[in-house]
Amino acid sequence: MPSTRSKRKLKSAVEPSKKAKTQTVTSPRKTALKEPVLEKMVTDNQSDKSCSDSESELESLDEEIILCEERRRMNLKLNAEFFSSLQIEQAKANLQESKRQKHPKPSQRGLKREKLVEPINRRSSLRLQKKDPEGIPLPPEALINRADYLFYHEPVVEHERPPSGPLQMTESLYSTVTVEEHKVLMELRDKMAVKPLKSNTISFTNFSKVLDKLVITENQVCKVVPERTFSVAVHPMEDSILAVTGDKWGRLGLWNVSSTSDAVVTYCPHSRPITCIDFPRENSHLLLSCSYDGTLRCGDLHKEVFDEVYSTPEEADILFRNFDYPCPNTLLVSRNDGCVALVDRRTKGTEAEHTYRIGQKSMRTVSIHPLERHYFVNAFVDGRVCLWDLRNLKEKNNKPLQTLTHGRSLNSAYFSPITGKCILVTSMEDVLNIYDSCNISEISLKKSIRHNNHTGRWLTGFRAAWHPAREDVFIVGSMNRPREIQVYGDDGHILRSLRSEEYLNSVCSLNVFHPTRSAVVGANSSGRLHVFM
DNA sequence: ACTCAATGGTGCC
DNA sequence: TGGCACCCCTTGAG
């Protein structure tokens, strides 16, 4: 039961507010507030006076409430002014803008995403139930060691090597690509003829003017393969720019850049990264590709087949890294097991003619001397560039004619394309080296360029590449921000940095010049191609 | 012989 | 829509 005292308290607390309302409308007063309302009420309680006694007090309480309300409004106004003076909205907008610039939305053109299907989990039955092969539950301790950890984290998706022998292009289409799109691409076949390549006669100065005109537009960025690119090439024909790239899981994407629609056709001729692709100039309807899956295939656009040219047993786990041509129909293939293989494209079967062991460790690239085609250099991962003579190679115990050492692993070593008078080396010791190989028996360092080649684990390493028709220009990716593709002169100076705030916002690890048209194709690590032309 | 961390872009949630 | 998990045969330091 509430006491009379407490009832009174209630009354005095409630009634004034009623009054205050009416007074606010009729005659608001402007007396200074002397005591806080709460304090006043507490005093009321303490004094325990009757209602009639506190009549005047109630009036002053009304005033106080009005004033308090006014002060509240004033505070609200001042606060609002203060916050607007901080320009938070402006700062927010700026932040959003800089974020957009830092992480712009990638181009949505090109290859469509594969429909998500429930992954087939081969091991869900017993392993994920923490049971051994007999179905007996494993003790929890058994899961702690590293081997088990790795086992549980093996990729769920299987990437099987395509069956040996010819592979129909239409049967190896990536799931979202239609046969119609393949047929449209094949219409390019009749325009593919190319003349033999001559040394580019445009002077260095004029060539740098041509470079100044290179631009990239919305239509010149396109997703061509679903995942990280490991190789890129451009068809030598002049009518259309046909760019091609190979990705991590053996997908090969062709993109007709000159077509008005997104003309992308993607095939799956391999099951592991495609490390080198090329349209040989003499037979430009062919598309050669080698892969970590231990096969080298030859796509024939007339036959619409990927022929198997050279392969090693899948279980041998030999990775093919790149190839070059000692003769038009012969390929020299570099492998990760310290061997190079000499392969004739026309012979039946998929065996190499010869396999030469030239080292114990893995190598990256091989590059044939363009004039004296029995010479080649290779780039070992242990930092050595070695010069070899194909005529003198034995099955094993080979000794290089010359060795150029580097402190770190190498990404590539390429002879200059016309005379072979220079060798361009990309090294993990953060340099691009140009060697003078005019005198093949005495190769010397000509120029060393500092260049950040630390692309890390997720990005394909840089491989500085010559212009196919020039000996004074090469191209390389860059880690610089804003993102850029760099064109260097053989004096070691940057001729041009190809940039675009709008259309180039990622690292293009691999880049190629078109041999005769002014066009550059750059491949980033998510399967997108960028064409400056 | 081993472990660990670094690296950038994306596409999913 | 922003945030962050994921990628994973690579290198170099410890």
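Because the structure is predicted, anything quoted here is derived from the model rather than measured. Just so it is clear: chains get the letters A, B, ... in the order the sequence lines come, proteins before strands, and each one is counted from 1.
Look at CH2 on A:Trp458: it is 14 Å from P on C:dA5, rounded to the nearest Å. If you take CG of A:Leu504 and C1' of B:dG9, they are 13 Å apart, rounded to a whole angstrom. The distance between atom CG of A:Leu410 and atom P of C:dT10, rounded to the nearest whole Å, is 14 Å. Rounded to whole Å, atom P of B:dT7 lies 15 Å from atom CG of A:Asn453. Look at CE on A:Met479: it is 13 Å from C1' on C:dT10, rounded to the nearest Å. In this structure, A:His454 atom NE2 and C:dT10 atom C1' are separated by 9 Å, rounded to whole Å. Protein atom CH2 of A:Trp249 is 10 Å distant from nucleotide atom C1' of C:dC7, rounded to whole Å. Atom-to-atom, NZ of A:Lys112 to P of B:dT10 comes out at 16 Å; the value is rounded to the nearest Å.
Residue A:Arg528 has a polar side-chain atom (N or O) positioned under 4.0 Å from OP1 or OP2 of B:dG11. Taking side-chain N and O atoms only, A:Ser409 has a distance below 4.0 Å to OP1 or OP2 of C:dT11. A:Arg228 has no side-chain polar atom (N or O) that falls below the 4.0 Å cut-off from OP1 or OP2 of C:dC6. In this model, the phosphate group of C:dG2 is not approached by any side-chain N or O of A:Lys105 to a distance below 4.0 Å at OP1 or OP2. Between A:Ser525 and B:dG8 there is no side-chain polar atom (N or O) within less than 4.0 angstrom of OP1 or OP2.
Proximity note for A:Tyr292 (side chain, C-beta onward) versus B:dT7, B:dG9, C:dC9: the nearest is C:dC9. Considering only the side chain of A:Arg113, B:dG11 comes nearest among B:dT7, C:dT10, B:dG11. Of the candidates B:dT10, B:dT7, B:dG8, the closest approach to any side-chain atom of A:Leu459 belongs to B:dG8. With C:dT10, B:dG9, C:dT11 as the candidates, the nucleotide lying closest to the side chain of A:Arg483 is B:dG9. Taking the side chain of A:Met428 as heavy atoms from C-beta on, and the options B:dT7, C:dC9, C:dT11, the nearest nucleotide is C:dT11. The side chain of A:Val381 has C:dT11 as its nearest neighbour among B:dG11, B:dT7, C:dT11. Checking C:dA13, B:dG8, C:dC9 against the side-chain heavy atoms of A:Arg408 singles out C:dA13 as nearest. Which of B:dG9, C:dT10, B:dT7 sits closest to the side chain of A:Val507 comes down to B:dG9.
To the nearest whole angstrom, the two P atoms, one in B:dT7 and one in C:dG14, are 15 Å apart.
In this structure, a donor-acceptor pair under 3.5 Å is present between the side chains of A:Asn433 and A:Ser448. Using modelled atom types, one finds a donor on one side chain and an acceptor on the other under 3.5 Å when comparing A:Asn329 with A:Arg345. A side-chain N or O of A:Thr295 and one of A:Asp293 form a donor-acceptor pair less than 3.5 Å apart.
Nearest-nucleotide positions on DNA chain B place A:Gly456 closer to the 5' end than the other of A:Gly456 and A:Asn524. Closest-nucleotide positions on DNA chain C for A:Phe230 and A:Gly407 were compared, and the one nearer the 5' end corresponds to A:Phe230.
Note on ring orientation: taking the six-membered ring where Trp is involved, the planes of A:His406 and A:Tyr435 are perpendicular (angle over 60°, cut-offs 30° and 60°).
Among all heavy-atom pairs drawn from A:Pro269 and A:Leu167, the shortest one is CA-CD2, 3.7 Å. A:Ile241 approaches A:His514 most closely through the heavy-atom pair CD1-CD2, 3.9 Å.
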